Undergrad: 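Have a look at the structure that comes next, please.
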Amino acid sequence: MKIKETPLKDCYIIEPTIFEDDRGYFYEKFNEQKFEELTGINGHFVQDNISKSSYGVLRGLHLQKGDKAQAKLVSCLEGRVLDVAVDLREDSPTFGQWFSLELTDENKLQLYVPRGFGHGFSVLSDKAVFSYKCDNFYDKASEGGVLWNDKDLNIDWKLPLGDIILSDKDQVLPAFTLKNF
């Protein structure tokens with residue numbers, strides 16, 4: 001496994017070593033010991049989530065706040081998504097900055113999104129199956145987020161505006177400038 005830094009503090013791309021032959025492939029998706037050695041972060045995960053979405057679905061920007069904050073290790077098991085992480089930690093040198101990365105079933109890349117970050121993705125293929133490993137349990141009372149099209153963040157979701165499909169919840173998240181996270 002290779003770890004690559006992103007421009008955002010504590011946010012990492014994980015590139016697996018893939019062993020392929022005429023039978024198919026094998027790779028280690030995550031190794032807690034290697035991850036901690038390479039990043040200094042204890043990546044102990046307690047909950048796995050899977051979502052399936054169709055083209056144009058945009059999920060985000062979501063986070064959990066306070067003691068229930070979650071770090072996530074995300075990947076695309078089927079299809080292609082644009083994954084976006086936004087640093088919402090006010091004491092961070094990269095506060096208010098975002099990073100995006102295309103995750104696909106072919107490139108098998110993963111993104112480690114630390115606690116205190118907003119996270120979302122847009123589906124670029126006909127359908128996508130997305131995996132989230134979380135280091136804390138989900139707690140509805142701790143939900144937070146930032147509006148997907150916040151003018152200050154100006155995220156390019158790589159979808160035509162008319163193709164974007166949002167949940168009712170994601171349509172009314174607060175703007176970044178309100179700092180409701």
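Model, not experiment: these values are computed from the prediction. Numbers here are sequence positions counted from 1.
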Undergrad: In Å and rounded to the nearest 0.5 Å, what is the NZ to CD distance from Lys133 to Gln47?
TA: 10.5 Å
Undergrad: Run the side-chain contact (heavy atoms from CB on, under 4.5 Å) test against Asp126 and tell me which residues pass, sequence neighbours left out.
TA: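 By the side-chain contact (heavy atoms from CB on, under 4.5 Å) rule, Asp126 matches no residue at all.
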Undergrad: Could I get the full list of side-chain hydrogen bond (donor to acceptor under 3.5 Å, both in side chains) partners for Lys52, not counting sequence neighbours?
TA: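 If we apply the side-chain hydrogen bond (donor to acceptor under 3.5 Å, both in side chains) test to Lys52, skipping adjacent residues, there are no hits.
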Undergrad: List the residues meeting side-chain hydrogen bond (donor to acceptor under 3.5 Å, both in side chains) with Ser122, not counting sequence neighbours, and say none if there are none.
TA: none
Undergrad: For Asp21, which residues count as a salt bridge (charged side-chain N to carboxylate O under 4.0 Å, His left out) partner, sequence neighbours excluded?
TA: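 In terms of salt bridge (charged side-chain N to carboxylate O under 4.0 Å, His left out), with neighbours along the sequence ignored, Asp21 is linked to Arg23.
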Undergrad: State which residues pass side-chain contact (heavy atoms from CB on, under 4.5 Å) with Lys151; sequence neighbours excluded, sorted by chain then number.
TA: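 With sequence neighbours excluded, Lys151 shows a side-chain contact (heavy atoms from CB on, under 4.5 Å) to no residue whatsoever.
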Undergrad: Counting neighbours of CD on Gln171 that are heavy atoms of other residues, nucleotides or ligands and sit closer than 6.0 Å, is the number greater than 12?
TA: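 Result for CD/Gln171: enclosed.
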Undergrad: Quiz question: by atom type and distance under 3.5 Å, do the side chains of Ser53 and Arg59 form a donor-acceptor pair?
TA: yes
Undergrad: The criterion is side-chain contact (heavy atoms from CB on, under 4.5 Å); which residues satisfy it with Ser54, sequence neighbours excluded?
TA: Val57
Undergrad: Please say which of Leu124, Leu58, Leu103 ends up in a side-chain contact (heavy atoms from CB on, under 4.5 Å) with Val81.
TA: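 Answer after filtering Leu124, Leu58, Leu103: Leu103.
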Undergrad: Which pairs of donor and acceptor atoms, one on a side chain in residues 6-14, lie under 3.5 Å apart (sequence neighbours left out)?
TA:
| unit_1 | atom_1 | unit_2 | atom_2 | d |
| --- | --- | --- | --- | --- |
| Thr6 | OG1 | Leu8 | N | 3.1 |
| Thr6 | OG1 | Leu8 | O | 3.2 |
| Thr6 | OG1 | Cys11 | O | 2.8 |
| Asp10 | OD2 | Arg89 | NH1 | 2.9 |

Undergrad: Which residues pass the side-chain contact (heavy atoms from CB on, under 4.5 Å) test with Asn107, not counting sequence neighbours?
TA: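 Result, side-chain contact (heavy atoms from CB on, under 4.5 Å) vs Asn107: Thr104, Leu109.
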Undergrad: According to ring pair (Phe, Tyr, Trp, His ring centres under 6.0 Å), does anything in residues 30-58 pair up with another residue at least two apart or in another chain? List the pairs.
TA: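 Pairs touching residues 30-58 that pass the test: Phe30-Phe35, Phe30-Phe45, Phe35-Tyr112.
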Undergrad: Quick one: side-chain hydrogen bond (donor to acceptor under 3.5 Å, both in side chains) pairs with a partner in residues 33-43, sequence neighbours left out?
TA: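 For residues 33-43: Glu28-Lys34.
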Undergrad: Is the ring pair Phe121/His119 parallel, tilted or perpendicular, if the boundaries are 30 and 60 degrees?
TA: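 Phe121 vs His119 ring planes: tilted.
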Undergrad: Compile the donor-acceptor pairs under 3.5 Å between side chains in residues 71-78 and protein atoms, sequence neighbours left out, one pair per line.
TA:
| unit_1 | atom_1 | unit_2 | atom_2 | d |
| --- | --- | --- | --- | --- |
| Ser75 | OG | Lys29 | NZ | 3.0 |
| Glu78 | OE2 | Lys127 | NZ | 3.3 |

Undergrad: Would Met1 and Glu15 satisfy side chain to side chain contact (heavy atoms under 4.5 Å, CB included), going step by step from the backbone distance to the final call?
TA: CA-CA 6 Å; Met1 146 169 59; Glu15 183 179 347; over 6 Å; no
Undergrad: Which pairs pass salt bridge (charged side-chain N to carboxylate O under 4.0 Å, His left out) with one or both residues in residues 161-176, sequence neighbours excluded?
TA: Glu143-Lys169
